Amino acid sequence: MPIITLPDGNNLDFPKKVTGLEIAEKISKSLAKQALIMSVNGELKDLYFLIDKDCSVKIFTAKDPEGLEVIRHDAAHIMAMAVQELYPGTQVTIGPVIENGFYYDFARKEPFTDDDLNKIEERMSEIVDKDLKTRREVWQRDKAIRHFKEIGEKYKAEIIESIPETEELSVYHHGDTWYDLCRGPHLVSSSKIGKAFKLTKVSGAYWRGDSKNEMLQRIYGTSWASQKDLDDYLKRIEEAEKRDHRKLGKEMDLFHFREESPGSVFWHEKGWTLFQKLINYMRAKQDLAGYKEVNTPEVLDRLLWEKSGHWEKYGENMYTSETPDEKVFAIKPMNCPGHIQVFNQGLKSYRDLPLRITEFGKVHRYEPSGALHGLLRVRAFTQDDAHIFCSESQITSECLNVTNLILEIYKDLGFEKVIIKYADRPEIRVGEDKVWDKAETSLLEAVKATKLEYSINKGEGAFYGPKIEFVLRDAIGRDWQCGTLQVDLNLPGRLDASYIDKDGTKKVPVMLHRALFGSLERFIGILIEHYAGKFPFWISPLQTVVIPVSEDFNDYAVSIYKKVKDAGISSTVDLKKHNLNYKIRDHSLSKIPLLLICGKKEVDSNSVTIRRLDSNKQENMDINNFLKKYSALNKPSSK
RNA sequence: GCCCUUGUAGCUCAGCUGGUAGAGCAAUUGAUUUGUAAUCAAUAGGUCCGCGGUUCGAAUCCGUGCGGGGGCACCA
């Protein structure tokens with residue numbers, strides 16, 4: 001005689017054991033129709049699960065995240081079923097729900113083609129139409145292993161072997177012919193998935209995510225509560241593609257890549273201007289924050305890298321070069337050893353600390369070819385790098401300074417939301433555990449003091465110390481890791497850095513590594529996508545184009561162009577033999593914030609007519625007023 | 001690095017089952033002198049990514065290398 005407590009606090013009394021479906025029916029006919037899954041005392045259960053005790057129950061529909069998740073999970077199963085029906089001999093492995101959809105990994109010799117994807121989709125659709133009933137069975141462990149081995153599903157057998165013996169093994173049947181080992185829960189029948197799904201792509205994926213294992217074929221799909229949700233999702237993907245920095249970079253003539261140097265950027269004038277603007281902005285910020293800018297060699301003797309530990313720990317990612325005198329040099333993958341050498345030059349006292357050394361250093365890292373991705377993952381990039389040499393007692397306050405600086409900078413560039421990820425000691429590392437203890441405690445203390453949201457990444461720290469990473473969220477909700485702050489109690493000692501303390505004894509300084517943009521290249525890629533190429537006026541690489549209405553006004557246009565440039569606003573004048581409409585379209589497409597139109601009216605009144613990007617409103621302005629207004633907007637916080 | 005996929009003019013792309021290339025835009029030249037998102041015409045432009053093979057004949061088929069894309073792994 002279970003008494004069921006509903007989320008609103010009401011109780012339902014049943015005379016006998018009851019299923020979720022019966023509870024839903026009791027509440028309302030429409031809920032029964034929409035019900036997908038339920039939770040019993042907070043635990044998700046199949047709707048046909050028999051409840052025999054008092055408990056609290058919540059019914060979920062497609063409107064709930066829990067409901068949508070089960071739809072996706074079932075879609076993964078139905079996809080696996082369709083695949084095994086169409087391609088006998090294919091082995092199933094795992095098929096979890098992911099953000100916006102699901103995937104399933106299969107073991108099959110022949111690759112799945114796009115055409116196969118269509119066929120699978122059609123078959124899935126048929127399975128949904130058949131409305132196959134779902135049935136859960138609990139299997140005995142040994143029997144399950146033996147069974148899956150017998151039918152040639154060696155991956156499933158391996159999965160079962162890795163499940164703790166205490167756990168119940170459940171097998172879900174969808175209809176009479178197909179079943180899969182699965183924790184569940186699942187929908188009551190296949191029609192509940194609906195038709196708002198789509199298979200999106202095939203890719204390779206290592207068994208158990210380990211590159212030492214064989215590669216399986218992963219089919220990705222997306223699935224939603226309604227066709228409208230699916231359409232909206234596909235639309236969002238399309239919008240994101242329009243912002244792709246590789247596409248915009250070409251269209252806006254910012255940079256290009258080519259075969260001779262994969263993963264290295266050929267910056268064009270406009271892209272490089274943007275690059276320099278960001279550096280100059282950062283330079284001014286850092287100057288105010290007490291940093292000293294330096295520059296150190298890009299090529300350094302192998303002996304230094306051996307001493308620092310990079311040769312051993314990072315060697316396979318380093319470019320090297322042998323010179324005619326048979327010495328081996330490495331092209332720097334990081335700036336730290338160079339900065340320690342700057343610190344080491346001349347005797348340092350505790351009065352010099354904290355010493356904040358910064359460099360816009362270009363580093364080279366031999367990244368795996370498959371990792372390269374436009375500006376976001378390159379092999380040669382410029383860091384806004386800095387190393388802060390300080391005493392142990394200064395760690396926390398210096399970390400806080402860095403955090404404050406980073407938040408200010410992200411805000412100026414249009415990113416309001418920032419999250420912190422804290423990463424502690426990795427398995428491969430240098431230094432004693434005692435030292436690590438100290439470093440981790442100090443950094444975590446600083447993280448807590450920022451009062452920002454943070455998560456912990458176990459074992460993901462740098463080989464020389466724990467780190468935090470700053471993650472920012474862009475205009476369309478994607479997260480990007482940019483800045484980093486690392487505490488290092490190892491490298492300074494390895495490279496013999498020391499200072500004379502108050503008491504006259506020699507001490508090894510603590511070093512903090514930090515980068516705010518991280519990689520300038522990557523940050524620019526993110527900026528392009530964040531703004532969809534429509535940069536705020538102050539960082540726009542080309543702020544204005546002066547356009548004469550006809551050739552008769554070329555001289556006036558040139559004179560305006562000169563005045564605008566003199567006022568520190570970047571500009572070009574378009575004297576090409578095209579008409580006004582053509583030029584407006586041309587420069588609008590290359591996302592110039594302001595077009596300055598000059599014709600008879602403007603000549604007569606010594607003015608320009610402004611046309612802003614994405615607006616067809618015209619605004620006439622006296623040229624001196626224009627110069628005054630817009631040269632004042634040439635700094636952050638101006639949109 | 002691994003799996004799949006892809007590489008034709010400066011750009012975007014067409015070129016069916018093998019018969020040595022085509023469009024639009026851009027460029028150049030000429031005409032037009034234009035008031036807010038493409039004026040008209042003519043001209044020029046290609047080792048069809050590289051190398052090897054099959055074939056009477058390869059942009060097309062096969063092999064291989066390099067680059068790009070989507071994932072996986074990697075991201076100190």
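Here is the naming used below: chain letters follow the sequence lines, and residue numbers restart at 1 for every chain. Since we're looking at a predicted model, the values are computed, not measured.
Nucleic acid contact class of A:S550 (heavy atoms, under 4.0 Å, all strands): base. Residue contacts for A:K583: at a heavy-atom cut-off of 4.0 Å it reaches no nucleic acid atom on any strand shown. Within the 4.0 angstrom heavy-atom criterion, base atoms lie near A:P368. At the heavy-atom level, A:T609 lies under 4.0 Å from base atoms of the strands shown. Residue A:L216 is classed as having no contact, given no heavy-atom separation below 4.0 Å to the nucleic acid. No contact: A:P426 has no heavy atom under 4.0 Å from any strand. Residue A:K600 is classed as a base contact, given a heavy-atom separation below 4.0 Å to a base.
Listed for the A:S570 side chain is no donor-acceptor partner under 3.5 Å among the backbone atoms of A:T544. A distance-only check finds a donor-acceptor pair linking the side chain of A:R494 to the backbone of A:K307 [under 3.5 Å]. In this structure a side-chain-to-backbone donor-acceptor pair under 3.5 Å is present from A:R514 to A:D384.
Closest to the side chain of A:E551, from the set B:rG1, B:rG35, B:rU33, is B:rU33. Comparing B:rA27, B:rA38, B:rA73 by their closest approach to the side chain of A:K576 singles out B:rA27. In this structure, the nucleotide among B:rG71, B:rG68, B:rU33 sitting nearest to the side chain of A:L372 is B:rG68. Of the candidate nucleotides B:rG70, B:rG1, B:rG35, B:rG35 has the atom nearest to the side chain of A:I597. The side chain of A:V549 lies closest to B:rG35 when the candidates are B:rC3, B:rG35, B:rG68. Comparing B:rG35, B:rA73, B:rA38 by their nearest atom to the side chain of A:A371 picks out B:rA73.
Between the CZ atom of A:R377 and the C1' atom of B:rG1 there is a distance of 12 Å, rounded to whole Å. In this structure, CG of A:D586 is placed 21 Å from P of B:rU34, rounded to the nearest angstrom. Rounded to whole Å, the distance from NZ on A:K577 to P on B:rU34 is 14 Å. Atoms CG (A:D253) and P (B:rU12) sit 13 Å apart, rounded to a whole Å. When the C1' atom of B:rG67 is taken as reference, atom CD of A:E259 falls 4 Å away, rounded to whole Å. Distance OH (A:Y366) to P (B:rC75): 16 Å, rounded to an integer number of Å. Between the NE2 atom of A:H578 and the C1' atom of B:rA38 there is a distance of 9 Å, rounded to whole Å. At whole-Å resolution of the value, CG in A:L376 and P in B:rC74 are 19 Å apart.
With RNA chain B read from its 5' end, the first of the two nearest nucleotides for A:Q618 and A:M215 is the one closest to A:M215. In terms of position on RNA chain B, the residue among A:F257 and A:K313 whose nearest nucleotide sits closer to the 5' end is A:F257.
Between A:N616 and B:rU36 there is no side-chain polar atom (N or O) within less than 4.0 angstrom of OP1 or OP2. Between A:K201 and B:rG70 there is no side-chain N or O to OP1 or OP2 distance below 4.0 Å. OP1 or OP2 of B:rG70 lies within a sub-4.0 Å distance of a side-chain N or O belonging to A:H373. Using a 4.0 Å cut-off, some side-chain N or O of A:R246 falls inside it from OP1 or OP2 of B:rG70. Using a 4.0 Å cut-off, no side-chain N or O of A:K247 falls inside it from OP1 or OP2 of B:rC11. The side chain of A:S369 places an N or O atom within less than 4.0 Å of a non-bridging phosphate oxygen (OP1 or OP2) of B:rG1. At B:rU33, none of the side-chain N or O atoms of A:Y582 fall inside 4.0 Å of OP1 or OP2 (strictly under the cut-off). Phosphate contact (OP1/OP2 of B:rC72, side-chain N/O of A:Y220, threshold under 4.0 Å): present.
With P as the reference atom, B:rG50 and B:rC25 are 28 Å apart, rounded to whole Å. Going from the P atom of B:rU5 to that of B:rC74 covers 24 Å, rounded to whole Å. Spacing of P atoms, B:rU6 relative to B:rC61, comes out at 10 Å, to the nearest Å. Separating the C1' atom of B:rC51 from that of B:rA9 is a span of 23 Å, rounded to the nearest Å. One C1' atom belongs to B:rG45, the other to B:rC4, and the distance between them is 35 Å to the nearest Å. For the C1' atoms, the distance linking B:rU28 with B:rG65 amounts to 38 Å, nearest Å. With both ends at atom P, the span from B:rG35 to B:rG30 equals 23 Å, rounded to whole Å. Taking the C1' atom of each, B:rA59 and B:rG46 are spaced 11 Å apart, rounded to whole Å.
A side-chain N or O of A:E359 and one of A:T296 form a donor-acceptor pair less than 3.5 Å apart. Between the side chains of A:D116 and A:Y87, a donor-acceptor pair is found at a separation under 3.5 Å. Judged purely by distance below 3.5 Å, without hydrogens or angles, the side chains of A:Y464 and A:Q486 pair a donor atom with an acceptor atom.
Under a 4.0 Å N-O distance rule, the pair A:K247/A:E251 qualifies as a salt bridge. A salt bridge is absent between A:K154 and A:E158; no separation between the charged side-chain nitrogens and carboxylate oxygens falls under 4.0 Å. A salt bridge links A:R612 with A:E619; the closest basic N to acidic carboxylate O contact falls under 4.0 Å.
Under 3.5 Å, the side chain of A:R611 and the base of B:rA37 form at least one donor-acceptor pair of N or O atoms. Checked by distance alone, A:E602 brings a side-chain donor or acceptor within 3.5 Å of a matching partner on the base of B:rG35. Not a single donor-acceptor pair, N or O on each side, falls under 3.5 Å between the base of B:rC4 and the side chain of A:R218.
The number of heavy-atom neighbours closer than 6.0 Å to CG of A:D604, taken from other residues, nucleotides and ligands shown, is above 12.
When both distances must be under 3.5 Å, the Watson-Crick or G-U wobble mate of B:rC72 is B:rG1. The nucleotide B:rA23 finds its pairing partner in B:rU12, both defining distances of the Watson-Crick or G-U wobble pair being shorter than 3.5 Å. Remark: B:rG67 base-pairs with B:rU6. Criterion, Watson-Crick or G-U wobble with two distances under 3.5 Å. Pairing for B:rA31 is with B:rU39, a Watson-Crick or G-U wobble pair whose two hydrogen-bonding atom distances lie under 3.5 Å.
Taking the six-membered ring where tryptophan is involved, the planes of A:F517 and A:F523 are tilted, since the angle between them lies from 30° to 60°.
Checked against A:I524 for a side-chain contact (heavy atoms from CB on, under 4.5 Å), the options A:L376, A:L375, A:T382, A:V265 give a single hit: A:L375.
Using a 4.0 Å cutoff on non-hydrogen atoms, the parts of residues 91-124 of chain A near RNA chain B are A:P111, ordered by number.
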